[in-house]
Amino acid sequence: MSDDTGILLFLAAGVLVLALIVVLGVLSSRRKKAATAHTWTVRTGWIGEQPFLESTDLAPDDKRQEELFRQTYPIGGSVTVAITDEQGERAEHEVHVSRIGRSLRAGFPQAKVGLTAYFREWEGTEFPVAFAVKGSDKIVELAMDAEGVTARDAAGVSVFASPWSTLLFSNGPDIVLAGGTGKTVRVEYKDGDTLEELLIKYGTLKQMHF
């Protein structure tokens, strides 16, 4: 076999491999788009005494599975959840979906997203609230109310503010916030599950970590 023939065979094999990858990718994409069964499961999480339902991890581009989640938990639809009352008695209650949140899960290069269903019965009950943080622009506090989010420095001066309607967040090792003013800030926090959940619930995810 001549060197030229060997090179041609090698190139042909490479072309076939690339074609196979493309075909398999197209078939996989079609299967995802046509899926009728969900691949995720849900668990109950809590913000204080407030329950919510969150999915297992999903690929960021898996729109079909996100669609199935939203169909399973439509806005205004009812869900039965088990809640423990002040006397420690556990009972099932019917609650109603008010919004679906999206959050960043895992990290580069295998980023995933999570979906969360929140309930009308607890809409706005978390506010007002403030969290001690450490952030860019000397931010030391992140305050939230029914209108939106305000980040302040040690002198109480507002460094960043955004209404919920325009607030963008990215939750990773730290929190990245952006809003209608065009300013972007980063904050770090300890034991910030509640802070993070409120951003997921009322803000809009935009992947800004990588």
Side-chain angles (χ1 to χ4, degrees), residues 21 24-84 90-126 131 144 149 164 167-178 186-210:
I21 291 173
L24 291 175
V26 170
L27 291 175
S28 175
S29 178
R30 287 178 178 174
R31 284 195 297 270
K32 284 183 178 180
K33 290 179 180 179
T36 57
H38 58 72
T39 60
W40 40 264
T41 59
V42 296
R43 74 171 187 89
T44 303
W46 301 85
I47 303 174
E49 298 179 354
Q50 171 185 171
F52 57 83
L53 297 178
E54 64 177 359
S55 74
T56 47
D57 295 354
L58 295 172
D61 61 348
D62 198 340
K63 301 301 182 184
R64 178 55 179 162
Q65 288 301 319
E66 181 168 343
E67 182 181 14
L68 290 173
F69 186 91
R70 293 178 182 275
Q71 289 175 356
T72 304
Y73 303 104
I75 304 300
S78 61
V79 178
T80 300
V81 296
I83 301 174
T84 302
R90 192 171 180 81
E92 292 189 339
H93 294 264
E94 182 181 56
V95 295
H96 302 84
V97 179
S98 58
R99 61 180 75 226
I100 301 295
R102 300 177 81 246
S103 59
L104 185 65
R105 303 265 184 87
F108 179 83
Q110 299 294 329
K112 302 288 185 179
V113 296
L115 302 172
T116 310
Y118 299 98
F119 305 121
R120 185 179 68 206
E121 286 73 10
W122 288 271
E123 279 288 302
T125 60
E126 309 92 347
F131 301 91
M144 302 178 185
V149 175
W164 290 114
L167 181 75
L168 302 176
F169 74 91
S170 184
N171 58 312
D174 59 359
I175 294 289
V176 183
L177 299 176
R186 306 179 78 103
V187 297
E188 297 177 352
Y189 55 93
K190 294 182 178 180
D191 301 323
D193 288 349
T194 299
L195 181 157
E196 191 170 346
E197 285 300 335
L198 292 179
L199 292 174
I200 295 168
K201 180 176 180 178
Y202 294 104
T204 301
L205 173 66
K206 179 181 180 182
Q207 206 290 92
M208 293 180 282
H209 271 87
F210 47 79

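Here the structure is a predicted model, which means the values were calculated and not measured. Along the sequence shown, the residues carry numbers beginning at 1.
- Between the OG atom in Ser78 and the CZ atom in Arg120 there is a gap of 9.5 Å [rounded to 0.5 Å].
- Heavy-atom minimum distance, Gly203 versus Trp164: N-CE3, 3.9 Å.
- How far CD of Gln65 is from CG of Leu58: 6.5 Å, rounded to the nearest 0.5 Å.
- The aromatic rings of Tyr73 and Phe69 sit tilted relative to each other, their planes meeting at an angle between 30° and 60°.
- Across all their heavy atoms, Arg99 and Glu123 have their closest contact at NH2-OE1, 2.8 Å.
- Taken to the nearest 0.5 Å, the CD atom of Glu196 stands 9.0 Å off from the CG atom of Leu104.
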Pair Leu53, Thr44 - check side-chain contact (heavy atoms from CB on, under 4.5 Å), show working.
CA-CA 5 Å; Leu53 297 178; Thr44 303; 3.5 Å; yes
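- Atom CG of residue Asp62 and atom CD of residue Glu67 lie 10.5 Å apart, to the nearest 0.5 angstrom.
- Of the possible donor and acceptor atoms, one in the side chain of Ser55 sits under 3.5 Å from a partner among the backbone N and O of Leu115.
- Residue Thr116 forms a side chain to side chain contact (heavy atoms under 4.5 Å, CB included) with just one option from Lys201, Glu54, Arg102, and that option is Glu54.
- The minimum heavy-atom distance between Pro74 and Val97, with the atom names listed, is O-CB, 3.4 Å.
- Counting only heavy atoms from C-beta outward, the side chains of Glu126 and Met144 never approach each other to under 4.5 Å.
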Val149 and Tyr202: side-chain contact (heavy atoms from CB on, under 4.5 Å), yes or no, with the steps?
CA-CA 10 Å; Val149 175; Tyr202 294 104; over 6 Å; no
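- The shortest distance between side-chain heavy atoms of Ile100 and Glu66 does not fall below 4.5 Å.
- Residues His209 and Asp174 meet the side-chain proximity criterion, which asks for heavy atoms closer than 4.5 Å.
- For the residue pair Glu197 / Tyr118, a side-chain donor-acceptor distance below 3.5 Å is found, with atom types taken as modelled.
- The two residues Phe52 and Phe119 come nearest to each other via the heavy atoms CA-CE1, 3.9 Å.
- A donor atom on one side chain and an acceptor atom on the other are found under 3.5 Å apart for Glu121 and His96.
- Rounding to the nearest 0.5 angstrom, the gap separating the CG atom in Leu198 from the CD atom in Gln50 is 7.5 Å.
- Side chains of Ser170 and Lys206 form no contact here, defined as non-hydrogen atoms less than 4.5 Å apart.
- Nearest approach of Arg105 to Thr56, heavy atoms of both residues: NH1-C, 3.7 Å.
- With contacts defined as side-chain heavy-atom distances shorter than 4.5 Å, the pair Asn171/Leu199 does not qualify.
- Nearest heavy-atom pair, Val113 versus Ala59, reported as atom, atom and distance to 0.1 Å: CG2-O, 4.1 Å.
- In this structure the side chain of Leu68 never reaches within 4.5 angstrom of the side chain of Thr39, judged on heavy atoms.
- Considering only heavy atoms from C-beta on, Trp122 stays 4.5 Å or farther from Ser98 through its side chain.
- The ring-ring contact (aromatic ring centres under 6.0 Å, His included) search around Phe169 returns none, not counting sequence neighbours.
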